[in-house]
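Comments concern the structure below.
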Amino acid sequence: MKLDHLAVAGATLDEAVAHVEKALGVSMGPGGQHPRYGTHNRLIGLEGGLYLEAIAIDPSVDPQDQPRWFDLDRFEGPARLTNWILRADDLMAEQAQLPDHAQRVVEMQRGDLQWLMTVPLDGILPFDNLCPAVLQWLGTPPAGSMAPSGCSLDRLILSHPEARELGKLVEVLIRDTRIVVEAGAPGLRAEFTSPSGPRVLA
């Protein structure tokens, strides 16, 4: 599987967007709504076919399905990097290789975009939400249509007290030298090269 995108959550979408823009020194582009889970987002393209998503609960929409994905129902505190998402070429064919939390696959749509995605029934991913979600785009991935930001991901650091166990799971899902698992308090940190130099998003 390949790394598809990173997600920054906030109590509001404005807070999530402001956090990204301050950290990276670039402006985010438009996004849209996810009616199934009552969320909305804004996006920014990264180098190498990746992108970054700012996401939050949309107070103007009642979710069709609850609990919400990415554990957003329990989100509190400042905006921060919360999730990373992998891309499979054929999710159903690869499903047998996925851990238990990724066995539930839902159909998603946002505007013209359609995809399949692994979402646990309770919306909570293992290892304090540090396990990746997995998706399959039903069509062309959206990253290529986003205006380039000039930002490239250098490292994605996953920190967790159970680093050894988390690392074993990550190795089953993806081989990417940019992804590092280390012992510590649960959290995500991403290091970038941006047009203004090195930047960190956490």
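L13 and I85 sit in two unconnected hydrophobic clusters of ILVMFWY residues. Membership requires side-chain heavy atoms under 4.5 Å apart, directly or through other members. Linking ILVMFWY residues whenever their side-chain heavy atoms come closer than 4.5 Å, directly or via other members, leaves V119 and L138 in distinct clusters. Linking Ile, Leu, Val, Met, Phe, Trp and Tyr residues whenever their side-chain heavy atoms come within less than 4.5 Å places V26 and V17 in a single cluster. Residues Y51 and L188 do not share a hydrophobic cluster, defined by chaining ILVMFWY side chains whose heavy atoms lie under 4.5 Å apart. Connection of L98 to L86 is established within a shared hydrophobic cluster, with ILVMFWY side chains joined at heavy-atom distances below 4.5 Å, either directly or through further cluster members.
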Item checked: Audit row: M28, E21, side chain to side chain contact (heavy atoms under 4.5 Å, CB included) steps and yes/no -> CA-CA 7 Å; M28 297 200 75; E21 293 183 340; 3.8 Å; yes
Notebook entry, point to check: When you look at F192 and V200, which way does the side chain to side chain contact (heavy atoms under 4.5 Å, CB included) test go after all the steps?
Noted result: CA-CA 6 Å; F192 293 89; V200 176; over 6 Å; no
Next item on the list: Please test E94 against M1 for side chain to side chain contact (heavy atoms under 4.5 Å, CB included), starting from the C-alpha separation and ending with a verdict.
Entry: CA-CA 9 Å; E94 298 182 57; M1 298 184 187; 3.5 Å; yes
Notebook entry, point to check: Between R68 and I57, does a side chain to side chain contact (heavy atoms under 4.5 Å, CB included) hold up when you go through it step by step?
Noted result: CA-CA 9 Å; R68 289 179 173 89; I57 291 174; 3.6 Å; yes
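With rounding to the nearest 0.5 Å, the separation of SG in C151 from CG in L52 is 8.5 Å. With values rounded to the nearest 0.5 angstrom, R155 atom CZ is found 12.5 Å from R178 atom CZ. Here the straight-line distance linking atom NE2 of H19 with atom CG of L24 works out to 9.0 Å at 0.5 Å rounding. Note that CG of N129 and CG of D71 are 4.5 Å apart. Values are rounded to the nearest 0.5 Å. A distance of 8.0 Å separates CZ of R42 from OG of S27, quoted to the nearest 0.5 Å. Residue H5 holds its NE2 atom at 8.5 Å from CG of N83, rounded to the nearest 0.5 Å.
For the pair P120 and H101, the tightest heavy-atom approach, listed with the atom from each and the gap, is CG-O, 3.7 Å. What you find for A143 and L50 is that their closest heavy atoms are CB-O, 3.9 Å. Scanning all heavy atoms of the two residues, the minimum distance from A202 to R189 falls at CB-CG, 4.2 Å. Closest approach of E47 to S152, counting heavy atoms only: CB-CB, 3.7 Å. Closest of all the heavy-atom pairs between F75 and A9 is CZ-O, 3.5 Å. Closest approach of L125 and P132 over heavy atoms only: CD2-O, 4.2 Å.
Salt bridge annotation for R104-D65: present, with a cationic side-chain nitrogen under 4.0 angstrom from a carboxylate oxygen.
With a 4.5 Å cut-off on side-chain heavy atoms, L135 and L116 do not count as touching. Looking only at side-chain heavy atoms (C-beta outward), H160 and D128 come within less than 4.5 Å of each other. Taking 4.5 Å as the limit, every side-chain heavy atom of E53 sits out of range of all side-chain heavy atoms of V8. Here the side chains of V172 and Q97 are not in contact, with every heavy-atom distance at 4.5 Å or above. Within the 4.5 Å cutoff, no side-chain heavy atoms of M117 are placed close to those of V134. A heavy-atom distance below 4.5 Å is not found between the side chains of E171 and K168. Residues H40 and H34 form no side-chain contact, since every pair of their non-hydrogen atoms from C-beta on lies 4.5 Å or further apart. A heavy-atom distance below 4.5 Å is found between the side chains of P161 and P186.
Side chain of D154 to main chain of T193: a donor-acceptor pair is present (N/O by atom type, distance under 3.5 Å, no hydrogens or angles). Side chain of R36 to main chain of E107: a donor-acceptor pair is present (N/O by atom type, distance under 3.5 Å, no hydrogens or angles). Here the side chain of Q109 pairs a donor or acceptor atom with the backbone of G111 at under 3.5 angstrom. Checked by atom type and distance alone, the side chain of S149 pairs as donor or acceptor with a backbone atom of G45 at under 3.5 Å. The closest donor-acceptor contact from the side chain of Q103 to the backbone of Q95 lies under 3.5 Å. Of the possible donor and acceptor atoms, none in the side chain of Q64 sits under 3.5 Å from a partner among the backbone N and O of Y37. A donor-acceptor pair is defined here as one N or O able to donate and one able to accept, closer than 3.5 Å; no such pair exists between the side chain of E15 and the backbone of G10.
In summary, the side chains of D58 and T39 do not present any donor paired with an acceptor at a separation below 3.5 Å, with no hydrogens or angles considered.
The side chain to side chain donor-acceptor pair (under 3.5 Å) test applied to W137 returns D4, not counting sequence neighbours.
With respect to L113, the side chain to side chain contact (heavy atoms under 4.5 Å, CB included) criterion is satisfied by exactly one of S145, P142, P141: P142.
Sparse packing is recorded around CG of D100, with 12 or fewer heavy atoms of other residues, nucleotides or ligands lying under 6.0 Å away.
The aromatic rings of W69 and W115 lie parallel to each other, their planes meeting at an angle below 30°, with 60° marking the opposite boundary.
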